[in-house]
Protein chains: 2
Amino acid sequence: MPPRIGIIGCGSIGSLYAAHLASVAEVHAFVRRPEHARTLNEYPIRVTGLHKLEGKIHATANAAEFPDCDLGIVSCKATQTEAALGPVAHKFKNGAVLSAQNGLGCEEIIADMTKTKVIRGTTFMSGTRHSDNHVQYELDTETWMGPFEPTHTPFSVVKTAADWIIASGLKAVALEDARPAQWSKLIFNASVNSVAALTELPHSAHYAQEETFADLGHLLHSLINEGKDVAKALGITLHEDPWEMNKIGARTDHPPSMLYDIRHHLRTEIDFLGGAIAREAARINHPAPLHTALYRLIRGKEESWTFESKGHATA
Amino acid sequence: MPPRIGIIGCGSIGSLYAAHLASVAEVHAFVRRPEHARTLNEYPIRVTGLHKLEGKIHATANAAEFPDCDLGIVSCKATQTEAALGPVAHKFKNGAVLSAQNGLGCEEIIADMTKTKVIRGTTFMSGTRHSDNHVQYELDTETWMGPFEPTHTPFSVVKTAADWIIASGLKAVALEDARPAQWSKLIFNASVNSVAALTELPHSAHYAQEETFADLGHLLHSLINEGKDVAKALGITLHEDPWEMNKIGARTDHPPSMLYDIRHHLRTEIDFLGGAIAREAARINHPAPLHTALYRLIRGKEESWTFESKGHATA
């Protein structure tokens, strides 16, 4: 009997997992919009781009209809974890749940809600969602997976989940310790996203430029070094050098996700990116002045969208 | 014979100086737009608000018509000093020039251009400009004035200029050393303007809030402390505590000038505010990581207004 896999949040990443896994598992998606569920029940998810395939899954927006699963994959935005997972959190008691989200801190929320075995996940995989059942696969990087330490997830559980993902045609690596990979991406992602949110520049050449005093590359370098120092103080040896990742990304002009959020006045994932580095540093009394400063600026920026002056002069 | 005073840049601050000084001096304004000059030659400048008066001055947009002056007051934006003063810079050879501009670094530019005695000035005075010849006087604080050290301006010259300003009905104080006053305002102004530029929040209660980890008041406090440390390292004892100035300002919801610039995609004065603190710190090898970081972010933000991706993906 194929495993039963539940996908929480069927955006571009969730759709890529769902469509691929449909070939090796019974896939159920839990989504917010009933019309999204109706489309997915009527039509297969179509993948174009790097892979060309169709995957037929089950979907519902009604928690009562969602079955118990062997594996959950949470692929909603970090800020939406509680809302998206909440109604079906108890359906994974006898399985495990993988966080395929940005940053740091989602695993804690998932563990708290599901009371089950949690898998730390980090993915750079990316795609563009063209409709409720069409996603274009663009970047086919590995999903790095490892036990979430507080839930004592056995490595065999991680390995089995990784094998399902690999069998579906996606790339995955099971790691005894997934923190070096997660922190490499966290530091990269936190630094680039914070700068994008505040400057509104895409990931352009500016991010790697270090010639004159005013150049933004100096700031990226300092943010990345600060993140590396925090990781080191936590005893984590990085998997890749985030500065090298930044230099490569700076050639793409890719708009980081937080830039989209800022432009559309959507709550950002800053609490799970720069805010997570700042918080972890504060927890161990290690300095992280730059990530902390940018975290507070972005929170201030979010507040500016709803701020109304209480009758004072605003000339 | 009354002194002849030249006003460079007749925005709200320049108009307030010009209209008041007209009662004790022959005032000539050098302005950019010919129609602005025509209006000022035809009608007096009308001051409303804290003072109610009218002052008749001469004005021109043609440097050839601008006379030699006993005192110049440069009241354009710091970023426009070269353009605004350039054509008439040689008209102050036998007098002195006061910088009534924001931040640090204008005196150097003025001294270089005019080859005359320069006066360091700092003013918190503020007004709202309603038309080319109507300004509302809102905040009647003192102009702090002192010798600009490199031009060896005698204190008696500063004193005479201050006396003219005082005789005109405005407040001014001549100081043997104006750097403590200038740096107090610089640190306040740099910290508040940088945060306003990046968060797009006016000078609201957020700026003084220090309860939770994410609160913006912590960042303002750190920026101000960092500025104070740089001043101390330069041997400057502050005139007022910028943190107290910030707490008072945070009750006003006033939009700092850089917020206006950011909203209208106008080049900001960051080079003369946070950038000046960062540069001074770098000059003496003193750390100023926060002002330096915010300086680079704001320069990046300015670049985002004209950035065009060179054909890479921007999906």
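Here is the naming used below: chain letters follow the sequence lines, and residue numbers restart at 1 for every chain.
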For [X] against [Y], the heavy-atom pair lying closest together:
X	Y	answer
Arg296(A)	Ala214(B)	CG-O, 3.2 Å
Leu201(B)	Glu303(A)	CD2-C, 4.2 Å
Leu198(A)	Lys301(B)	O-CD, 3.4 Å
Gly300(B)	Thr199(A)	C-CB, 4.0 Å

Which atoms of [X] approach chain A - backbone, side chain, both or neither, heavy atom under 4.5 Å:
X	result
Glu302(B)	neither
Asp215(B)	backbone
Leu294(B)	side chain
Thr292(B)	side chain
Phe213(B)	both

Pick from Leu297(B), Leu216(B), Leu219(B) with the largest number of heavy-atom pairs that fall under 4.5 Å of chain A: Leu297(B)
Max heavy-atom pair count under 4.5 Å with chain B, selected residue of Ala278(A), Gly275(A), Ala282(A): Ala278(A)
Option in Arg279(A), His203(A), His218(A) with maximal non-hydrogen atom pairs under 4.5 Å from chain B: His218(A)
Pairwise side-chain contact, Leu290(B) with Leu290(A), heavy-atom cut-off 4.5 Å (strictly under): yes
More than 12 heavy atoms from other groups under 6.0 Å of OH on Tyr260(B): no
